[in-house]
Every structure is written in C-alpha cells, then in structure tokens.
Amino acid sequence: MRVRFWGTRGSIATPGPDTVRFGGNTSCVSLTTNAGAHFILDCGTGARALGAALMAQPVKPIVATILLSHTHWDHIQGFPFFTPLFVPGNRITVCGPEGSAGSLRDVLSGQMEFTYFPIELGQLPATIAFRELSEGAHEIGGARVIAQYLHHPAMTLGYRIEVDGAAVVYLCDHEPYSETLWHGDLSPNYAGSIVHEGDRRHARFMEGAGLVIHDAQYTPEEYPSKKTWGHSTYEYAVGLAAAAGVQRLVLTHHDPTHDDTFIAALETRARAYAKQIGCAVEVCCAYEGLDLTVAPHGVQYLAETPPTPHAGHDILRCSRILVVDDDPDIRALATQALSQDGHIVTEASNGPEALVAIDAQAPDLLVLDLMMPVVGGLEVLKILRSRPATAALPIVLLTAMDDEANTRAGFELGATDYLTKPFSIPQLAARVRACLTRT
Ligand SMILES: [Zn+2]
Ligand SMILES: [Zn+2]
C-alpha cells in the first residue's frame, strides 16, 4: 500500500517561509491499497490538495473512506474544501468516533452552516455516508480497520489498517497516560515494563506495524507545561515504537511554533534517542509530499478484536456517576465536567460515605480519589472488587501522585483507569466516556 502526507501540522495551519520544508497544512494522510481503495486519515487543510489530486486521476467515480481521529478543527477544516464532495456520483464514507458532542454528521455540518461557509453539508452533490465507530475491528474498503481510543481531551480514535500483508497505524492526537512510562525495576523499552495499562494498550496497538504515524508535537522540555493538552513527545513515540517492534516511525502533528530548523533538530534528537535506547526503528519527521510504500512485512495481525457494541447516547451522556474525593475543589471540578456532559453526578467526601452511597444508588461508574483519610481509595477499591454487585463496576482512580507503585497497585486491585491530577474538564469527560463505552 502507499501512504502520502498532505498535512503535517497540528492545531492550526502555519504557512510561510519558515515552514516550507515540513509543511504548514493541518493533519491529512492518504493511504491507497494495492486494490485501489482510498483511505483518508483526517481531513485538516491538507485535504484540499489531496482532493485535487484525486480529481485529476482518471478513475471515476471517486470512492473513498475518511477516517477522522476526532473533530477538532485541525482534523476537519479541509472537509468543506475536499472537491470530490462536490461531484455527483462520488461516494465518500466518513467514519469517526462515537460519543462526540453530537453525531458525526451534526458536528461536520456545524462548521458548514451559512455563518461559516457558503454551502451546507446537505447541499453537497456526492453521496456521503456517516459511520460512527466503536473500538475494535471493522471491515472497511477491503481492509481490516481496528479502532482504539487515544488519550486526548476529546473522544479520539487511533486507527490500525491491516491490508496487503502490512499494518499502518495512525495515532494523532494522543498524550501519555502516565508521565512515568517504565517500571523502575524492569528494563525499559519493553511492553511488559510499561507502568500504565493505557500506555501498554497503546504499545500493543502498534505491535509489529510496518509504519506508525504518531503525534510528537512537543520536545521533552516543552511537555511539562503542555500536560493535559493531549499531545506526545518524540521520546514517548520512539520508546513505545521500540517496545512494539515497529519498523518505521513517522512523527507528525508538528507544533505551529516550530519552524523548519526546529523540526529538523527534533528529528535529529529523535533519531539519536532511538540509537541511545538500541532501537532499530527508522524515524523521521513527516513533511508534505512524503510518499511511502509499505511493503508486506509478515505482520502479526492483531488478535481478533470484534467491535464493541455501540454504547448509545444514554450510556455516554446520561450515566449515574459517583465522585468520591475529600477535596471539595476536585469534587466540584469533576461534577462540573461530568454534569456538563449530561451525566447525573452525586458526591461523597470519604470512603465509608461512598460505600453507603453505592449500596443506595448503584451508580454506573465511580470516580475515586486514591488518597483519602481513614479509608483510602485502594481500600475502597478492594472492598468493591470483593463484592459481586460491584466486581465489574467501572472505577476511575484519581491521584495527585504519578508514581509507579500506586499505579501498579491500583491496576492490580482492578482499577478500570487511572487519571493523574491536575486534569482538565474535557480530559476527564473523555476518559469517563471511553470507560463507559468499554463496559
Ligand atoms: Zn490535532
Ligand atoms: Zn485534538
């Protein structure tokens, strides 16, 4: 299959003399299978030139599948300028994560209301179908497309496309689940040494891929001040690609403040880091026009992962959630985040109060602070997991301590997810929705 980059920038288009080499258009990558099926990974401003290139090809009508990671601007702003949508007979299927603020069609038509754009979505002459995807494997366009939630302050999917004896994995926008990536007492850069279950799942998703396209918006020095914004460093991408035995890694979603000189230096540092950790993965930074052929590479196809059933609006938006924290400010923030999302939220300020509330209310999900006086979060978790009624209750642990001993203890006791403070409102909302769709 063939992969080509049309947009490599994150956040906002950044044209100009300082971004000529790596490009100024926002996220868009095309993937064409040997049988000629077209996949379009995100529809940032790069999609305009891709649309023109497809229109210039002799094969008509154009049949293509757009796989949207999420609907932040830098991933959809090229959609109204994608000219194949303006030609009757063309057939475009738009896929994206379920659980965004509205249906996929509503969100995309929102940016095409007359206030913003002269032609509304419903007036486009091409045949456009919308398909909201849950996690798991889907058969699309003759390929096996596996979707998995990423860590971003919006419902965001990563995609693994398995076709033609190869696997290509697209992972934008995403940030580490835990700042502590590796267990201190195990060798780093092996999947089994990863501290957080979320990061381990992320590495497994890349397993044996011929090509991984990964968010690497920040340097390790920049990341601490950008935590919770939903983007990765090159060290994280290289480390996990090494653990997953990836052949080639392309770093993308470049920060708008990074000019060509900066990104070239970032590329040099990423390659040096790969060498330093003894990783054979070939690393480069994406640029507009980068064209790769991914040859069959004896890929291990990911274990059978059937699609999870659609969670449905009621589960994603109207669940009963109990927030347990002794800090009233955290309770207020979590309640605001989850109420805004449509959930019915109640609060408890300590462990014993929480256990009584769980018996009385039977919540659908628990947000549970780790460090509480008298009965701590781990103790509450242990009690709940020992009771049949709450053995499978989704529980998101909250902690101020991003340390591996607590994270390990939390997952060993059966935590569903583990979120480090400080967190942002959209981040908590997205993590809770991902937990609800999985259960
Ligand atoms: Zn983005
Ligand atoms: Zn985003």
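All ligand and atom numbering here is 1-based and tracks the order in the structure. Only heavy atoms go into these numbers, but all of them, side chains included; no hydrogens, no water, no symmetry mates.
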Heavy-atom side-chain proximity of L50 to I40 below 4.5 angstrom
yes

Listed partners of H151 passing ring pair (Phe, Tyr, Trp, His ring centres under 6.0 Å), at least two apart
Y177

ring-ring contact (aromatic ring centres under 6.0 Å, His included): pairs with one or both residues in residues 259-291, sequence neighbours excluded:
H258-F262

Do the non-hydrogen side-chain atoms of F39 and V168 ever get within less than 4.5 Å of each other?
no

Ring pair (Phe, Tyr, Trp, His ring centres under 6.0 Å) partners of F22, counting only residues at least two apart
H254

Protein N/O/S atoms closer than 2.8 Å to the Zn ion (ligand 1):
D74 OD2, H75 NE2, D173 OD2, H253 NE2

Aromatic ring proximity H214/H253, centre distance under 6.0 Å:
no

